[in-house]
Novice: 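What follows is a structure written as structure tokens; I'll ask about it next.
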Amino acid sequence: MKSGKASLQHYHDKRIPGQTPEPFASTRATGGSVFVIHQHAARHNHFDLRLEVNGSLWSWAVPKGPSVDPADKRLAVHVEPHPVDYAWFEGLIPEGNYGAGAMIIWDRGQWVPLADPEEGLDKGKLLFDLRGFKLHGRWTLVRTGRSKDSREWLLIKEQDAWVGRIPEPCPESVLSGLTVTELKSGAQPAVEARTRLRRSRLGCREPKASPPKPMLCRPGKPFTQAGWVFEIKYDGYRVMAIRRDGTVQLLSRSGRDIAANFPEIAEAVAALPYDDFILDGELVVEGPDGLPSFSRLQQRAQISRPVGVQRAAIALPARCYAFDVLCLEGYDLMPRPLLKRKQWLRHVLPGQGPIRYVDHIEKQGSAAFEQATAMGLEGLVAKRAGSSYQPGQRSDDWLKIPALKTDDFAVMGLVADGKDDFSSLLLAALDGAHWVYVGRAGSGLNRAERRTLRHALDRHESRQPAATVAETPRGVQWVQPRRAVEVRYKEFTRAGQLRQPVLLRHRDDKPAADCLLPPRPGDLQQPVAVDPPQPRQRVILSNQEKEFWPAVKGRPALTKGDMLKHYRAIARWMLPYLEDRPIVMTRYPDGIEGGSFFQHEAPKFLPDWIRRVPLERSKGTTTDYIVIDSEDALLYIANLGTIPIHVWSSRVQSIDRPDYCVLDLDPKGAPFADVMAVARELHGILDDAEAPHFLKTSGGSGLHILIPLGGQLDHEQSKSLGELIARICIRRLPDKSTIQRAVELREGRVYLDYLQNGRGKTIAAPFCARPNPAASVSMPLKWSELRAGLEPSRFHIGNAARRMRSLKQDPMTGLLTSDMDVTAVVAALGNLE
DNA sequence: GCATTCT
DNA sequence: AGAATGCAACGCCGT
DNA sequence: ACGGCG
């Protein structure tokens, strides 16, 4: 294997030191994971993707640049490796040199290979994560040419949580904010700025000896008022970024210069194309969820060895959220109105990069506060739009509005107040398998609420506390952590206790065991997450506009989105029939007129939160079956183009004991009136045998009759029971029913299929959609609905959920809970026969 | 619909 | 890249 | 032994 550094030969051969500003060394301690994308206006304007491996930058020329759309593959020509320091190079390469022209750092950050890169280069496939300012998430480079020496690759964005959720990258450098054209044309934003500032008749002031102190906030509450603007409050270090006489300072609140600790920010300050300015902002480090994480920032701040700092600048990079500019090019902006200053600030900063402009919302503070709270942000800062910057002052022109948090906690004890009241509750949350005490809360509930909660708690009285409590209050009564309460609080204290907790309500709908400990400040977190932040577990629904059911008379075409809408709306009725049961998908990726296939085995690409269960299928081979136990799982499966979902009659806990026996009434030429007649006959038979039984449409043209078994029979016995019932029916209605499998021999009679009772056999799940032109669904029916005029096709994906909402209850309620006395039923059926 | 393999 | 391919299964019964 | 059926 060639060493990375040795192969820099080509790079050196093409360039002459002293004549080009490009670097020639690899001196940076990066931790081996920097990537950069240069935009290079040389003979042709193009992009270069460079990935650090073994001390050099593997490079690809990407003529059209990267695309954030997975469908958009971009040619990438593999070129000679570059020295690592190249990732910090931005500038003009003079005429006459190799690659003469302007080059900007279009994006930069950390790259995380997801497979061995050396091997990948050899095999022609690299898979990696990018964590830049513009590019995020999973990418691949694949070699396309037929031979191994081909230099032609493709750069492809892989499907992930970032796709479609990030804005189109802006064209500017993430460092200087210059476009490649501006750099080439020698644009001088500083000169333009000076001209404009002079014209605005601002007095030019001598720079003060010492930098201004930061303006401070008073506390406030959310409000809506014209003349005010609202900014997100970032959870980090307040910094003043100062550029003067070619030097850069990052001053913390205490006046310490922390530029050496955050070189990536200092570098960005130095790269802005202005000579003299002071920015006010907040330094943050993002957590795995993409929100500012104070504990990560503290981790970062503790790193001081230069080598460690350089690595951390790539792996745990800081951002500076700038919200004010105090002076610019020798002009004092502090007396100017806030919004004027912010105009300048926005003008000065790149659209994307380590230093970000903090935008604001005008007037609507209350709405903004709602949003900020929901997003888990620290809060808002309200600022008077016309206010000046008052250094070192705690002013009423700036108000900080902290977000309140709301979480559920388990009650582990109470301080009683009389027989049916309490003065406070002791609260706990689950940290893994252990309960952790989080403090006491008293206020918030009225007398009546406290009384009912007290009664509920008294039932769980316990001798032992569920978690260690540092200071046990007098008169405490411990209870088992069974009851959950919703609590609003400001934050966790350093000691891990709730600050300013207020009880909101008794969560009698939530098991206490679901009260997980929210992340608290000071919790040691993973230093670096390799996966991109997943913006919430949500199913990405694709191709919602694809036509799945063609139009029929009286109804326009239905799309995959219509089907997903059905499954989302019906989930609450359908999930009880799916939980714990293996399913089989029948997939129609291109709608009912496209190809279809069955799928038993859970595809490997399913996300890991979808449950699978290994079951022996034929001897020796096991298959991982899918189990749908949530709305998200149902939607994910439906999004795969699954139209009907077939379920086992048994659950994984008791896979050999079906919960019901099914009789499938299959016409096939027989009139539906006959199907109903046969169903009515079976209804009578089962009533006489005192066997509970339920009815649903199969979704096609037939009906299903289901008999709950209460786990008393195995699959074989269930099948025999079905056969017995079928034979009785045939004896009574020989002209209308049959168990002949061959269609010809049925002679127009209704086929009573009892053979769907058996291990691994399935039926179309209640409420599942069917691939017929009507887009009908399998619908539970009341027996009273079995009368002239019933048409199974009247229940379809467009109205099924509406029907269920209007019914008082699911007609099949009881299928999964009621059972029967098997011996009595079989005896009764024997008599009928 | 999606991964994988072939060209 | 673009195209093609796989994605289930087994017992029943009549010939 | 094969083929249609669900």
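These values consider heavy atoms only, across backbone and side chains, with no hydrogens, waters or symmetry-generated copies. Residue numbering restarts at 1 for every chain, and letters A, B, ... go by the order of the sequence lines. What you see is a predicted model, and the numbers here were worked out from it, not measured in a lab.
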Novice: Separation of A/Phe598 atom CZ from D/dC5 atom P, in whole Å?
Specialist: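 One finds 14 Å between P of D/dC5 and CZ of A/Phe598, rounded.
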Novice: From the options B/dG1, C/dG14, D/dG6, select the nucleotide whose nearest atom is closest to the side chain of A/Tyr751.
Specialist: D/dG6
Novice: For A/Lys761 and C/dC10, give me the distance from atom NZ to atom C1', rounded to whole Å.
Specialist: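 Distance check: A/Lys761 NZ to C/dC10 C1' gives 6 Å.
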Novice: Using the rule side chain to side chain contact (heavy atoms under 4.5 Å, CB included), only one of A/His600, A/Arg581, A/Glu601, A/Arg612 pairs with A/Tyr625; which is it?
Specialist: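 Option passing the side chain to side chain contact (heavy atoms under 4.5 Å, CB included) with A/Tyr625: A/His600.
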Novice: Contact class for A/Lys560 (heavy atom, under 4.0 Å): base, sugar-phosphate, or nothing?
Specialist: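 If one applies the 4.0 Å heavy-atom cut-off, A/Lys560 turns out to touch the sugar-phosphate alone, with no base involved.
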Novice: Enumerate, atom names and distances included, each donor-acceptor pair closer than 3.5 Å involving a side-chain atom of residues 635-647 of chain A, sequence neighbours excluded.
Specialist:
from	atom 1	to	atom 2	distance (Å)
A/Asn639	OD1	A/Ser542	N	2.9
A/Asn639	OD1	A/Ser542	OG	3.4
A/Asn639	OD1	A/Lys560	NZ	2.8
A/Asn639	ND2	A/Ile540	O	3.3
A/Asn639	ND2	A/Ser542	OG	3.4
A/Thr642	OG1	A/Ile637	O	2.8
A/His646	ND1	A/Thr586	OG1	3.3

Novice: Answer with base, sugar-phosphate or nothing: what part of the nucleic acid does A/Leu75 contact at a heavy-atom distance below 4.0 Å?
Specialist: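 No contact at all - A/Leu75 keeps every heavy atom at 4.0 Å or more from the nucleic acid.
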Novice: With a 4.0 Å cut-off on heavy atoms, is A/Ile156 in touch with a base, just the backbone sugar-phosphate, or nothing at all?
Specialist: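 Contact class for A/Ile156: sugar-phosphate only.
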Novice: Once you apply a heavy-atom cut-off of 4.0 Å, does A/Leu640 come out as touching a base, just sugar-phosphate, or nothing?
Specialist: sugar-phosphate
Novice: Looking at the side chain of A/Glu601, which of C/dG11, C/dA8, B/dG1 is the nearest nucleotide?
Specialist: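 Of the candidates, C/dA8 comes closest.
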Novice: Kindly point out which of C/dC7, D/dG6, B/dC2 is positioned nearest to the side chain of A/Gln599?
Specialist: C/dC7
Novice: Within this structure, what is the CH2-to-P distance between A/Trp648 and C/dA8, rounded to whole angstrom?
Specialist: 14 Å
Novice: Checking A/Lys761 against A/Trp648: charged group under 6.0 Å from the ring centre and within 45 degrees of the axis?
Specialist: no
Novice: Rounded to the nearest Å, what distance is computed from the NE2 atom of residue A/His646 to the P atom of nucleotide D/dG6?
Specialist: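 The distance from NE2 of A/His646 to P of D/dG6 comes to 13 Å, rounded to the nearest Å.
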Novice: Would you mind telling me which of C/dG14, D/dG6, B/dG1 lies closest to the side-chain atoms of A/Ser542?
Specialist: B/dG1
Novice: For the pair A/Arg611 and A/Asp580, find out whether any cationic side-chain nitrogen is under 4.0 Å from an anionic carboxylate oxygen.
Specialist: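 Salt bridge between A/Arg611 and A/Asp580, a charged N being under 4.0 Å from a carboxylate O: yes.
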